[in-house]
Chemist: 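This structure is in C-alpha cells; I'll ask about it shortly.
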Amino acid sequence: MAQGTSQKKSTAKKRTNTNGTATKQNQLNESHNSPEIDWKSVARTLLLSRALDQIEEKELVPAGLITYQFSSRGHDLAQIILGEQITHPHDAATLYYRSRPFVLTQGLEATEALCSTMGRAGGISEGRDIGVVHNLPRRDRATVLPTSGDVGAQFTPAIGWAQAIEYRSNVLGDGEWKGAIAVALSGDAACATNGFWSALTIATTLKLPYLFFVEDNGYGISVTGDLQTPGGSISVNLASFTGLKILSGSGVDPEETSRLIVEAVQFARSGSGPVLLHLRVPRLSGHSYTDNQSYKSEEQVAQEEANDPLPKLRDFMVGKKIVTEEEWVKMEEAGEEIARKAAESAKNAKEPDTEGVLNGRFYQRGLPQVAGGLMAEVGEEGYEHSRGGEFEPKPEGPRMNMVDAIRRALESELQQNNRVLLFGEDVGMKGGVHGATIDLQHKFGQERVFDTSLNEEGIIGRAVGMAMAGLMPVPEIQFRKYADPAHEQITDCGTIRWRTAGKFAAPLVVRIPVGYGKKTGDPWHSVSGEALYAHLVGWQIAIPSNAEDAVGLLRSALRGNDPTMFFEHRALLDTRDGRRPWPGDNFILPFGKANVVREGTDITIVTWGEMVHRAAAAAEKSQKSVEVIDLRTVSPWDKETVLNSIQKTNRCIVLHEDNWTCGFGGEIAATIAQEAFHYLDAPVERMATPDIPIPYNPTLMAAVVPGIEDILERIEQLIKF
Ligand SMILES: Cc1ncc(C[n+]2csc(CCOP(=O)(O)OP(=O)(O)O)c2C)c(N)n1
C-alpha cells in the first residue's frame, strides 16, 4: 500500500464546514485495508447538492439570476463517493461543468456555489467565469485544478500533475507527495476528444497514478454514445489497452458504486499505473437548463428517473439501519435549509469589483497566487528573491551560436533550479531535432530531460499540470506549425490566472523554433505566426535576434511567473548573425524592453527576430540615417521606445516575417497612428510576407519574404513621401 495512505491514517481529522457536511479524511477499515464510506456524509452532501440544483432550477434561473445552469442530478452520488476518497494532501482533480457535487466534497461552500452560478462577488471566480467551471486551491482535501469550458481539456493537465507527483516524490524526495493521485472527471462523450486519447497514451506509457473517472449518461448533449465510441462502451473498447486497469459498473447503486470507486482509487494509489473507471449514470435533467430533451422518448426519460441514485441511497441507508426514515427526512430538510440560506446570501452578495477586472492577465505584485508556480510555495518575497539576475551582460569567450547559447542557458538553469524539466519529441537522447538539448539528458537524467509521445496537446497540457504542481516545465515543440494540436491547452493556460481571480497560475516556458531555414522555407517548418499567440490572453512572447538576447530572455522566462512562448528563429540558430559571446550565468533581460540596434534620425524600422538583421543590413546600405529597433518581445511590446523614436524620426516602417493580415505590425501601426499621429510626416509603412505560406523553392521564398533590397527601396520611398 502506498505510503500516502498510511499518512492519511495518522492525520485523519474531522472538519465541519457551513454546508454541515463533514470533510473528514478517510480512516482505514483495518480488516479490509480499504476506506470505510461515511454514508451519512455522502447523504448530507448529496441532499445539499440536490437542494442547490433544485433552488437554481425552480427559482434562481426563472428569476433571471442565473444564466448557465447544469444539473448534476444522477451523476451526483458517484462523484460524492469519489470525493470521499480523494483526500491525500497532494491529490488533484480536473473536472468538467457537471462536477459540482465533487467540489462540495472538497470544501466548496453552498453560498460560494450560488454566488458562482449567479456571477456575484464571493463566487469562486468573482464573476469572471460561469459558475459551474470550478477551481479550488486545496482546503481539507485535494486541489481542484481550474476547469475548462472545453470538453476534453481536463485530461492532460491532470497528467502533468500525476507526473509531478512522481517527480516530486521520487526525484525531489518530497515524501509527502507519495501516494497522491490525479483524477480527471468526465462524461462519456469526452472520451472521443483528443485530450482523452492523449492522456491515455501518456498515463499508460508512463504508468502514472491517474484515474479516468467516466460518468456515462449515454449522451453528449443530444448525441448518443454509439456515435462517440463504437458500440457505446469505452470500457469494452479499451479492454485490451496495455497498461490500463479497467473497472466498470453502476454509478447509482450505493454498494456497487462505492466498491468500484474504492478499488479504482486504491489501484491508482498503489503505483501500478492508471485506471479507468466507467460508471453508468442517468442524466436526470436536460444537458443544461435550456435543453428540453426533445430527443429522448418518454420511455427513456421514465427509465432514467427510475435509475435515480437518491432513492437508492435512502433505501440502502435505511435498510442497513445507518439512518432511520425520520433521520433521512431531517437530513433532507437540513440540506434544503442550507441551500435556502445560501440563496439568500448570494442574492444579497455584491456585484464583483469592476476596478479589478483587468487584473490577473499577468503576474503582478500584491495579487494572490495560492496555487501553481514557485510563488505559491515560497511566497511573494521568496519568489521575487529567486528571480533575480544581472541586467548587464558580462561577455565571455568567443562568439557562440544561438543554439549553443540556448543549450548553455538551459543547462545553467537546470543546475540552479531542480524544478526545471525539459521535454518534447526527441529532446532526450537525440538532443532535439535542432540540437538545443544535446547531452542534457546525459547530464541531468531521464527524469529531468525526456522524450514524449508525439502528441502536442499532451506536451502542453502536461506542462500546465506540472506548473500548477509547482514545477517549471520547459516543453519543446519541434516547429511552430506543430503547436497547432496544442492550441486548446495554450489558450486555456493563458487565462488560468485571470479566470481563477488570481488564485492559480501556470508559469512555464514553451520553446519553439520558428521561421524559414538558412536556405529555404516551406509551409510546415517555416511558420512564425507570433500574431496568433500575441492575440491570446496571458502569454509572454519572446523572439530574440541573437544569442545574448536569447540567453537573457530565456533565463528571465525560466525564473518568471507567467506562461511564455520562446521563439527560436531557425535561420539564426547556427549562423553568423545570431552569434554573440556568452553573456554570463546570471544575465537576465526583462520582457518588454526593446533594443535600439542602430540609432538614426530619418526613419525608424521596428522589427524582431531574423528581420532585425535584414533591417540592419538595409540601414547600413542606405544613405539615410535609419534607426532600427529590435522589439525582442512582442508580448509585452515596448511601446515607449517605439513612440520616442518616432518623435525623433517622424517616419516608420514596421517589418515582420509573419503574414500581413492581422500580423503584429498592424497592432504597432495602429498604436502609432493613434498615439503619435502628430509626429508623423508620412504614413506608417508595413512590410510582411503576403498571406500565403512560406514557399519551398528559394527563389519563390525570396520573392515573397521582405529582403534587404525591398527594405532599402521602402526606406527611400518613405523618405521621399
Ligand atoms: C471542445 C468542446 N466542444 C463542444 C463543446 C460543447 N459541449 C458542451 S458539453 C457537450 C457534451 C459533452 O458530453 P459528455 O462529455 O458526455 O458529458 P455530459 O454533459 O453528458 O455529462 C458539448 C458538445 C464544448 N464545451 N467543448
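As the structure lists them, so they are numbered: ligands from 1, and atoms in each ligand from 1. Since the model is a prediction, treat every value here as computed from it, not as a measurement. For this chain, numbers begin at 1 and follow the sequence in order.
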Chemist: Between the side chains of Thr156 and Gln489, is a donor N or O closer than 3.5 angstrom to an acceptor N or O?
Modeler: yes

Chemist: Is a donor on one side and an acceptor on the other found under 3.5 Å between the side chain of Asn659 and the backbone of Thr661?
Modeler: no

Chemist: Using a 6.0 Å cut-off, check whether atom OH of Tyr68 has over 12 heavy atoms from anything other than its own residue.
Modeler: no

Chemist: Taking non-hydrogen atoms within less than 4.0 Å of ligand 1, which protein residues qualify?
Modeler: His75, Tyr96, Tyr97, Arg98, Gly149, Asp150, Val151, Gly187, Asp188, Ala189, Ala190, Asn217, Tyr219, Gly220, Ile221, His287, Glu488

Chemist: Is there a side-chain contact between Ile86 and Phe102 (heavy atoms, below 4.5 Å)?
Modeler: yes

Chemist: Under a 3.5 Å cutoff, is there a donor and acceptor pairing between the side chains of Arg73 and Ser285?
Modeler: yes

Chemist: Taking only residues two or more places apart in sequence or in another chain, which ones pass side-chain contact (heavy atoms from CB on, under 4.5 Å) with Gln54?
Modeler: Lys58

